[in-house]
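All values reported here derive from a predicted model rather than from experimental measurement. Numbering of residues begins at 1 and proceeds along the displayed sequence.
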Amino acid sequence: MASADPHRVASPGTLAAPGDARARARYRRILRFAARALVQTWWFEIVLPRFGLERLSERGRTARLRRLARRFHALAVELGGLMIKVGQFMSSRLDVLPPEITTELAGLQDEVPPVPFEQIRAAAEAELGMLLRDAYASFDEQPVAAASLGQAHRARLTPEQAADAGFTDVIVKVQRPGIQTIVDVDLAALRRIARWLRRIRLVSRRADMPALVEEFAVTSLEEIDYRHEAANAERFREKFADNPRVAVPEIAWERSTSRVLTLADVTAIKVTDVDGLRAAGIDPHEVASVFASVMFDQFFGFGFFHADPHPGNVFVTPVPPDQRRDDRPDWLLTFIDFGMMGEISPSTREALRTVLVAAAARDGRGLVAGMSQVGALLPSADVRELERAMTQLFARFGGMGFAELKEVDPREFRDFAGEFGELARALPFQLPENFLLVIRAASLTSGVCTSIDPAFNLWDAVEPYAARLLREERGDLMRDMARRAMGLADVTMRLPERLDGLITHLEDGNLGFDSGRLERRMSRLERLGRRAVSGILFAGLLVGGVLLRPDDETLGTVLMGLSALPLLHVLMARVFGPRD
C-alpha cells in the first residue's frame with residue numbers, strides 16, 4: 001500500500017508551488033509564534049534567574065503561561081491542519097509542561113468550520129471518477145462532522161452495492177481540498193522548530209525533538225491516506241475477533257480510495273452520553289469499566305491500539321432484543337476513525353505490563369523501576385526522591401476515584417502536585433521512542449472513563465487486569481521451570497548410556513589408563529546430576545505452590561506438599577548414598 005513519504009518536506013523552498021503566498025504566510029506565522037514563545041521563555045526562565053531576579057520571574061509565571069496557551073489555542077483553531085493535533089498532544093504532556101498550559105489546551109477539539117459542499121462534491125467526484133448521483137443512491141449535503149483533515153457526510157449505497165456490501169446506510173469521509181499542502185507546510189514548520197529546540201539543553205536531554213516530529217509526521221501522513229485507515233480497521237477487527245463486546249464498521253471497498261472512505265453507518269449512543277445510556281437501560285459504570293479493559297487489552301495485550309479514542313470515536317451500540325443470545329452481551333463498544341493508530345514493541349509492552357502491575361500493587365519503587373524499564377528515565381537518574389513521591393502518592397490518593405479526589409482539600413492536592421511537578425521536571429525524564437501516541441491514548445482513556453462515571457475508580461479496573469497478567473506470568477514461569485527440569489532430567493537419564501559408549505570406545509582404542517577409576521568418577525557425576533534434578537523439582541514445586549496458593553489454595557498446597565519428595569531424595573542420597 002502506497003503511503004506518503006514523511007521526509008519529502010524539509011525546507012520552506014518545497015512548501016508548495018511557486019507563488020502560493022498563503023502557504024508561505026502560514027509557515028511564517030507558525031515560526032513567528034514559536035520564536036516569540038521561545039524568546040519569552042528564555043528571558044523569564046533563564047536570564048532573569050541568572051541575575052538574581054527569580055521573584056520577578058515567578059511573580060507573573062502563572063498568568064504568563066496561561067496567556068501563551070490561550071494564544072496557541074486561538075492560533076490552532078484558526079489555522080486548523082496539524083496545529084490542532086499538536087495542541088492535543090501538548091495537553092497530555094503533564095510530565096514536562098506546567099499545568100497552566102496543559103489545562104488550557106485540554107479542551108482543544110478537532111472541529112473546524114465545514115468546507116462548502118460544492119468543493120466536497122468536486123473533490124469526491126474527481127477521486128471516484130464519477131458523479132456523486134451515480135456513485136451513491138443519496139448523499140446528504142450537510143456534514144455529520146467537520147475536522148481539520150476531512151469531513152464526513154451520510155449517504156446510501158445503491159441496491160446493487162448494498163447487496164454486495166451487506167449494508168445500505170454509510171458514512172462517506174472526504175478529504176479537505178488542499179489538505180496535503182497544509183500538512184506539508186505544518187510539518188516543515190515543526191521540523192524547523194524541532195531543530196531550534198535541539199540546541200536547548202533543557203529540552204534535548206528529555207526528548208529528541210527532531211525524532212518526535214518525524215514520528216508525528218509519519219502518523220499524520222498515514223492519517224490522510226484513507227486506504228491506510230481502512231486497513232487499520234480490518235486489523236483492529238481481527239484483533240478483537242474473539243471479543244463479543246467490540247464492533248468495527250464494515251468498509252465499502254468499491255467506494256473507497258486514498259481520499260474518499262465509505263464505511264457502514266454505525267452511529268449510536270456516544271460513549272459519554274450518560275443520559276442516553278441510562279435511557280437505553282445501560283449502566284454507565286459498566287461501560288466505563290469495559291472501555292478501560294478494552295483499552296488495556298490494546299496497550300498490554302495486542303500492542304496495536306486506537307490512538308484517538310475520544311468520545312466522538314466510540315459509540316455504545318445496544319443489541320436489539322431479537323438478536324440477543326446467552327453468549328452475546330446486550331450492548332457493544334463500537335470504535336470508528338482508525339486513521340491514528342499506535343504500535344508498541346514486545347519489549348516495551350512487557351515494560352508497560354511491569355508498570356501496570358506495580359501501579360495495581362501501589363508499589364512506588366516497582367513503578368519507578370518499570371518507568372526505567374520503559375525508557376522514561378535515564379540510567380543516571382537518582383530515583384530515590386521519585387520513589388518516595390510515588391509511595392506518598394499511592395498512600396494518599398491511590399485508592400480514590402475521581403469523585404473522591406474532588407473532595408480532597410484543594411490546597412493539599414495543589415501542594416503535592418507542585419512538589420511532584422518540580423521533582424518530575426528536575427529528574428532526567430525523557431520521552432521514549434514511539435511513545436507520543438501511548439501518552440495521548442492513555443490520557444483520553446482516563447478522561448472518557450471519568451466523564452462516563454465521575455465515581456469511577458481507575459484502580460478498580462487496573463487491579464483485576466493486573467491480577468490476570470500476574471496469573472499469566474506465573475503460568476509462564478511454571479512452564480519455563482518445568483521445561484528446564486525436563487531438559488536436565490533428559491540429559492541425566494541418557495548420561496549412563498553415553499558414558500558406557502565412551503568407555504567402550506576408549507577401551508577398544510587400547511588407551512593406557514584406568515577405566516575403573518573413570519567409571520567411578522562418572523558414577524559420581526551421575527549421582528550429582530540426579531540430585532540436581534531433584535533439587536530443581538523441589539524448587540519448582542515449592543515456588544509454584546507459593547505463587548498459586550493465593551488464587552487456588554488446594555492446588556498450591558498440593559504442590560508445596562509434593563515438593564517434599566524430591567527434597568527427601570536429595571537428603572537421603574546425601575546421607576545414605578556412596579560418598580562423593
Between [X] and [Y], is any pair of side-chain heavy atoms under 4.5 Å apart?
| X | Y | answer |
| --- | --- | --- |
| Val319 | Pro329 | no |
| Glu78 | Arg29 | yes |
| Leu261 | Ile251 | yes |
| Leu333 | Val290 | yes |
| Thr272 | Val314 | no |
| Phe72 | Ile101 | no |
| Pro318 | Ile282 | yes |
| Ile193 | Ile30 | yes |

State which residues pass salt bridge (Lys or Arg N to Asp or Glu O under 4.0 Å) with [X]; sequence neighbours excluded, sorted by chain then number.
| X | answer |
| --- | --- |
| Asp169 | Arg156 |
| Arg278 | none |
| Asp265 | Arg154 |
| Glu118 | Arg121 |

* Once the angle between the rings of Phe291 and Phe335 is folded into 0 to 90°, is it parallel (under 30°), tilted (30 to 60°) or perpendicular (over 60°)? -> parallel

Atom pair [atom1] ([X]) and [atom2] ([Y]), whose distance is rounded to the nearest 0.5 Å:
| X | Y | atom1 | atom2 | answer |
| --- | --- | --- | --- | --- |
| Phe304 | Phe236 | CZ | CZ | 8.0 Å |
| Glu222 | Phe338 | CD | CZ | 15.0 Å |
| His310 | Leu444 | NE2 | CG | 8.0 Å |
| Phe302 | Glu343 | CZ | CD | 12.5 Å |
| Leu221 | Asp225 | CG | CG | 9.5 Å |
| Met295 | Ser446 | CE | OG | 11.5 Å |

Would you say the side-chain atoms of [X] pair up with the backbone N or O of [Y], donor to acceptor, closer than 3.5 Å?
| X | Y | value |
| --- | --- | --- |
| His306 | Ile336 | yes |
| Thr219 | Glu215 | yes |
| Glu250 | Ala165 | no |
| Ser451 | Gly447 | yes |
| Ser220 | Phe216 | yes |
| Ser256 | Ala252 | yes |
| Gln161 | Ala135 | yes |
| Arg237 | Pro249 | yes |
| Gln151 | Val115 | yes |

Quick one: do [X] and [Y] make a salt bridge, cutoff under 4.0 Å?
| X | Y | answer |
| --- | --- | --- |
| Glu223 | Lys173 | no |
| Arg255 | Glu127 | no |
| Asp186 | Arg26 | yes |

* Which is it for Phe315 and Thr267 under the side-chain contact (heavy atoms from CB on, under 4.5 Å) test, yes or no, and what are the steps along the way? -> CA-CA 7 Å; Phe315 295 112; Thr267 306; 4.2 Å; yes

* To do: Please step through side-chain contact (heavy atoms from CB on, under 4.5 Å) for the pair Leu263 and Val170, ending with a clear verdict.
  => CA-CA 5 Å; Leu263 62 162; Val170 295; over 6 Å; no

* Asked: Can Glu238 and Arg235 be said to form a salt bridge (Lys or Arg N to Asp or Glu O under 4.0 Å), step by step?
  -> CA-CA 5 Å; Glu238 292 174 3; Arg235 183 180 176 189; over 6 Å; no

Minimum heavy-atom separation for [X] to [Y], with atom names?
| X | Y | value |
| --- | --- | --- |
| Asn232 | Gly339 | ND2-O, 4.5 Å |
| Ala146 | Pro114 | CB-CA, 3.8 Å |
| Thr262 | Tyr136 | OG1-OH, 2.7 Å |
| Ala247 | Leu332 | CB-CD1, 4.1 Å |
| Val183 | Leu82 | CG1-CD1, 3.9 Å |
| Gly81 | Ser148 | O-OG, 3.2 Å |

* Asked: Just checking, Arg245 and Trp331: is the charged tip under 6.0 Å from the six-membered ring centre and within 45° of the axis?
  -> yes

* Stepwise, does the side-chain contact (heavy atoms from CB on, under 4.5 Å) test hold for Leu277 with Val287? -> CA-CA 9 Å; Leu277 293 174; Val287 172; 4.2 Å; yes

* Sequence neighbours left out, what pairs pass ring-ring contact (aromatic ring centres under 6.0 Å, His included) with at least one residue falling in residues 151-180? => Phe117-His153, Phe139-His153

* Residues Lys85, Met340; criterion side-chain contact (heavy atoms from CB on, under 4.5 Å); working and verdict -> CA-CA 11 Å; Lys85 297 188 180 300; Met340 188 184 296; 4.0 Å; yes

* To do: Answer yes or no: are there more than 12 heavy-atom neighbours, outside Glu254 itself, under 6.0 Å from its atom CD?
  => no

* Asked: Within a reach of under 6.0 Å around CZ of Arg133, are more than 12 heavy atoms found that belong to other residues, nucleotides or ligands?
  -> no

* Asked: Any salt bridge (charged side-chain N to carboxylate O under 4.0 Å, His left out) pairs touching residues 308-319, not counting sequence neighbours?
  -> Asp308-Arg440

